[in-house]
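Positions are given from 1 along the sequence. Just so you know, these numbers use all the heavy atoms, side chains as well, and skip hydrogens, waters and symmetry mates.
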Amino acid sequence: MRVLFICSAGHSGSTLLDLLLGSHPQAVSLGEITHLPKNLALNTACTCGSPARECPVWSRVVDELSEQPEFRRVHVDPYVLHLGMIQASSVVDRRHQTLLRMWQRKLVYGLAFARFRWNVPVPAAWLGPLTRGAKNKLVLFGVISRLLSRSVLVDSSKHYLEAVSLYAQAPDVVRIVLLVRDGRAVYYSGRKRGQSRKAALQAWKRPNERALPILARRVADEHLLRVRYEDLVAHPQEELERLCRFAGIDFAPEMLRFTEREHHVLNGNRMRFGTRAVIVPDHSWQHALSARELRDFDRRAGRLNRKLGYESTPPGPSRAPAAPSGNSRRRGAA
């Protein structure tokens, strides 16, 4: 079994990459699997069209898990299958995602960051929720791999602390894919969704800024692969071949026809329900952001953006035109 954990900031293309990888004959796309207990509790829709509890895959997985003593109540209380500390922004289970739990998550993640970044001595019990989530994920992955006869499992749960915790539990099994995207594109995506300038910037800057040194310190070089979203959408086959070599499998052409395969993803970007597999780069930020916003971004986050491989683009007519839009095209961002 091989687990590919996609680590990224939000709206960086993780759902697209998840579906592409999960379309390999030996692989399965799991989406943001950390949210599985919530999706079972709310009985949200699977990409196959069935409610989570009635999905032919997830119903079998839950039945199998219920045979294990620690998960025997999973049908009644899906949260006994603790896969991590859930913080949802769109589909939220208000009965579970309480203010108290959000403060607990903030505390645990803060302690974990200090432990992973600076080796601050933190009692193992204080990081229990994070460690427990990683261990339970490995149990879940084993069940899915056995039931579906798939050797590669793709988890696009994104968070770098979850990635490092999972890797620490099984470094021989887990591989980390760090997916990055030009911060100006992610910033513009946030602004379109109504975020303030500060919030839109921090949503991209904070996870990347914090993830880079921790992943470099905690994950072996040969087990960590950086992928640029722009390269993926411009040269999908070339990038997928590189990813397949990283995962220890051969490239399969059907990966590029990812909408032709039935996936069973319960949580992720709404593009997982799409029916067309045309991938088009989205350069709309290059003409939509004002010169003032571009200067402000470069002042606040330009150094990090350049570290990720993106050069500063001066405002003005020299900027590249926007990508074509319309119903016949899919924008490949998640």
Side-chain angles (χ1 to χ4, degrees), residues 3-18 21 31-35 83-87 89 105-120 122 127 129-131 133-134 137 154-171 174-187 189-190 198-232 239 243 246 268-269 297 300-310 333-334:
V3 175
L4 296 180
F5 188 106
I6 301 174
C7 182
S8 73
H11 299 273
S12 296
S14 61
T15 299
L16 173 64
L17 179 56
D18 191 328
L21 291 170
E32 297 169 349
I33 198 64
T34 299
H35 292 250
L83 301 176
M85 307 185 76
I86 299 171
Q87 184 177 29
S89 57
R105 181 182 187 273
K106 191 172 184 178
L107 175 62
V108 171
Y109 276 36
L111 292 170
F113 177 81
R115 171 72 180 88
F116 293 143
R117 180 68 177 90
W118 298 301
N119 287 324
V120 174
V122 177
L127 304 182
L130 201 54
T131 304
K137 271 192 177 184
V154 187
D155 178 358
S156 56
S157 294
K158 295 187 181 72
H159 204 288
Y160 64 96
L161 292 176
E162 289 188 36
V164 171
S165 297
L166 187 65
Y167 180 78
Q169 292 297 320
V174 178
R175 299 292 179 267
I176 309 299
V177 177
L178 176 60
L179 177 64
V180 300
R181 188 181 183 189
D182 193 316
R184 292 161 293 191
V186 180
Y187 169 81
S189 176
K198 181 178 180 181
L201 178 66
Q202 289 302 318
W204 170 83
K205 183 181 179 183
R206 183 180 291 115
N208 282 297
E209 194 170 49
R210 295 184 175 184
L212 289 176
I214 288 181
L215 292 174
R217 175 187 287 263
R218 299 291 174 177
V219 181
D221 290 345
E222 63 272 21
H223 297 165
L224 176 65
L225 182 69
R226 186 186 298 184
V227 175
R228 297 200 327 165
Y229 161 81
E230 291 80 6
D231 295 335
L232 178 67
E239 286 301 292
L243 281 155
F246 178 65
N269 189 286
F297 178 92
R300 296 174 182 272
R303 182 177 180 182
L304 175 61
N305 213 31
R306 288 187 288 274
K307 187 174 183 179
L308 294 175
Y310 300 100

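- Between V174 and V219, every side-chain heavy-atom pair lies at or beyond the 4.5 Å cut-off.
- Here the shortest heavy-atom pairing between W204 and D182 reads NE1-C, 4.4 Å.
- Applying the side chain to side chain donor-acceptor pair (under 3.5 Å) definition to pairs two or more places apart or across chains, those involving residues 208-218 are N119-R218.
- Panel note: side chain S165, backbone T131; no donor-acceptor pair is recorded below 3.5 Å.
- L308 and R228 make their closest contact through O-CD, 4.0 Å (heavy atoms, listed as atom of the first residue, atom of the second, distance).
- Taken to the nearest 0.5 Å, the CG atom of D155 stands 7.5 Å off from the CD atom of E162.
- Nearest heavy atom pair, residue I176 against residue C7, reads CG2-CB, 4.2 Å.
- Judged as a side chain to side chain donor-acceptor pair (under 3.5 Å), and not counting sequence neighbours, the contacts of H35 are K38.
- A side-chain donor-acceptor contact under 3.5 Å links K205 to the backbone of R300.
- Listed by chain and number, the residues in a side chain to side chain contact (heavy atoms under 4.5 Å, CB included) with Q87 are Q97, M102, R105 (sequence neighbours excluded).
- To the nearest 0.5 Å, atom OG of residue S12 and atom CD of residue E230 are 9.0 Å apart.
- Residues that satisfy the side chain to side chain contact (heavy atoms under 4.5 Å, CB included) test with L107, not counting sequence neighbours, are L111.
- Across A134 and Q169, no two heavy atoms sit closer than the pair CB-CG, 3.8 Å.
- For the atom pair L161 CG and L166 CG, the distance stands at 12.5 Å (nearest 0.5 Å).
- Between Y187 atom OH and N305 atom CG the span is 13.0 Å, to the nearest 0.5 Å.
- For A211, the side chain to side chain contact (heavy atoms under 4.5 Å, CB included) criterion is met by Y160, L215, not counting sequence neighbours.
- When all heavy atoms are compared, the tightest approach of L83 to K137 is O-CE, 3.5 Å.
- Note that OH of Y310 and CZ of R184 are 9.5 Å apart. Values are rounded to the nearest 0.5 Å.
- Remark: R175 pairs with R2, L4, H223, F246 by the side chain to side chain contact (heavy atoms under 4.5 Å, CB included) rule, at least two apart or across chains.
- Between S156 and S14, the closest heavy-atom pair is CB-O, 4.1 Å.
- To the nearest 0.5 Å, atoms OG (S8) and CZ (R181) are separated by 10.5 Å.
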